[in-house]
Amino acid sequence: MIQCSNPHAQYAAHKAEIDEAVLGVMARGRYILGPEVEAFEKEFAAYIGVKHAIGVGSGTDALNVALRACKIGPGDEVITVSHTAVATVSAIEMAGAAPVLVDIDPARYTIDTARIEAAITPRTKAIIPVHIYGQPADLTPILAIAKKHGLKVIEDCAQCAGAMYKGRRAGSYGDISCFSFYPTKNLGAIGDGGMVLSNNDELAARAGLVRQYGWARRYISDIPGVNTRLDEMQAAILRVKLRYLDADNAVRSKLAAAYGAGLAGAPGLTLPVTDEGHVYHLYVARHPNRDRLAEHLKSKGIGSMIHYPVPVHLQPAYSKRLASGKLGETERAAREVISLPMYPELSESELKQVVSALLEFKP
Ligand SMILES: *Cc1c(COP(=O)(O)O)cnc(C)c1O
């Protein structure tokens with residue numbers, strides 16, 4: 001069986017270093033917000049090219065902390081997309097704000113920047129562009145709209161660790177940016193983890209307080225906070241994996257190029273549009289007979305996934321409150337997208353099997 005993603009293969013590839021890092025944490029005896037978290041925050045901030053980093057418990061929590069750091073909460077609206085992990089929308093509601101969902105660009109699956117301004121109201125406080133599948137959203141117009149209307153930009157970088165946009169890392173453009181280290185992400189922990197990054201001293205300081213009960217001093221809460229700390233053990237693992245992130249992303253690009261060459265002209269299949277800087281968290285094609293295609297791949301021992309089968313605004317938890325009739329491209333993507341196997345340890349021969357299976361498919 002060829003899996004769609006395979007975090008265990010990554011552990012196996014770096015087992016000796018990861019085991020040593022974990023044993024080091026256990027031996028040292030500092031288990032929460034210790035030297036590994038501090039070192040990883042510095043290293044990851046330097047890698048993305050941002051001044052401050054605050055390690056948190058997950059990508060969802062990173063978004064919640066970022067919103068609270070921006071003083072966004074009840075009565076406020078936040079613009080984002082419905083074509084995303086539910087986490088993006090869930091975090092907005094965790095902070096007490098109301099999500100406002102905008103349609104996507106059908107070629108790149110990121111927010112359709114031409115539709116943002118129509119969604120702005122006097123209550124709008126921020127835009128959360130989601131850099132989906134490893135491809136940054138078109139940040140230049142987003143930053144211009146935000147500036148014009150006095151809005152914060154919070155980048156959802158959960159799927160784009162290492163991606164570039166116009167010569168700089170995604171995650172270095174917004175007022176604040178949020179990463180997830182869920183095991184399958186390009187930079188994945190062996191458990192949960194997340195990070196908030198900012199160049200703004202004040203926002204970063206507030207995010208640091210929110211992370212742990214609003215404490216600047218132990219047991220004294222200066223502002224209301226939560227508890228969402230990056231684990232010392234995960235930080236140690238992530239420090240090892242960060243050293244391989246660029247090499248791993250380069251392999252993902254090579255695999256994507258091989259898919260592109262192998263699948264050019266495959267009937268019915270639309271391949272992803274590839275801007276420079278894409279890091280292929282996922283390799284997502286679309287096909288009008290997507291469900292039958294997925295069945296066919298499964299019969300050949302090939303795992304595929306759907307990111308995402310039901311847009312957030314059509315899910316039971318949200319459909320009554322977030323109803324929108326204007327998300328046609330989002331709904332079409334949900335019917336047609338298919339994520340093909342993509343992870344750095346995927347071998348070329350496995351990729352060839354996937355390509356052959358796709359070329360054999362008779363819709
Ligand atoms: C994974 C993901 C998140 C949430 O990250 P967790 O660490 O799982 O909480 C948020 N946004 C997007 C786009 C994601 O893919």
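Quick note: residue numbers are just sequence positions, from 1. Model, not experiment: these values are computed from the prediction. When a ligand or atom number is given, it counts from 1 through the structure's own listing order.
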Pairs of donor and acceptor atoms involving the side chains of residues 351-363, under 3.5 Å and at least two apart or interchain, shall be tabulated with distances.
unit_1 : atom_1 : unit_2 : atom_2 : d
S356   : OG     : K352   : O      : 2.9
E360   : OE1    : K300   : NZ     : 3.0
K362   : NZ     : E360   : O      : 3.4

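For Y283 and Y133, the distance between ring centers is not under 6.0 angstrom.
Cation-pi geometry between R169 and Y47 is satisfied (NZ or CZ under 6.0 Å from the ring centre, within 45° of the ring normal).
Of the listed residues (R211, K51, R229), just one forms a salt bridge (charged side-chain N to carboxylate O under 4.0 Å, His left out) with E41, and that residue is R211.
When side chains are defined from C-beta on, V86 does not count as touching Y308, because their heavy atoms never get closer than 4.5 Å.
Y259 and L271 make their closest contact through O-CD1, 4.5 Å (heavy atoms, listed as atom of the first residue, atom of the second, distance).
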Which pairs of N or O atoms, one from ligand 1 and one from the protein, are separated by less than 3.5 Å, and what is the distance for each pair?
unit_1   : atom_1 : unit_2 : atom_2 : d
ligand 1 : 5 (O)  : S180   : OG     : 3.2
ligand 1 : 7 (O)  : G59    : N      : 2.7
ligand 1 : 7 (O)  : S180   : OG     : 2.7
ligand 1 : 9 (O)  : G59    : N      : 3.3
ligand 1 : 9 (O)  : T60    : N      : 2.8
ligand 1 : 9 (O)  : T60    : OG1    : 2.5
ligand 1 : 11 (N) : D156   : OD1    : 3.3
ligand 1 : 11 (N) : D156   : OD2    : 2.8
ligand 1 : 15 (O) : Q159   : NE2    : 2.8
ligand 1 : 15 (O) : K185   : NZ     : 2.7

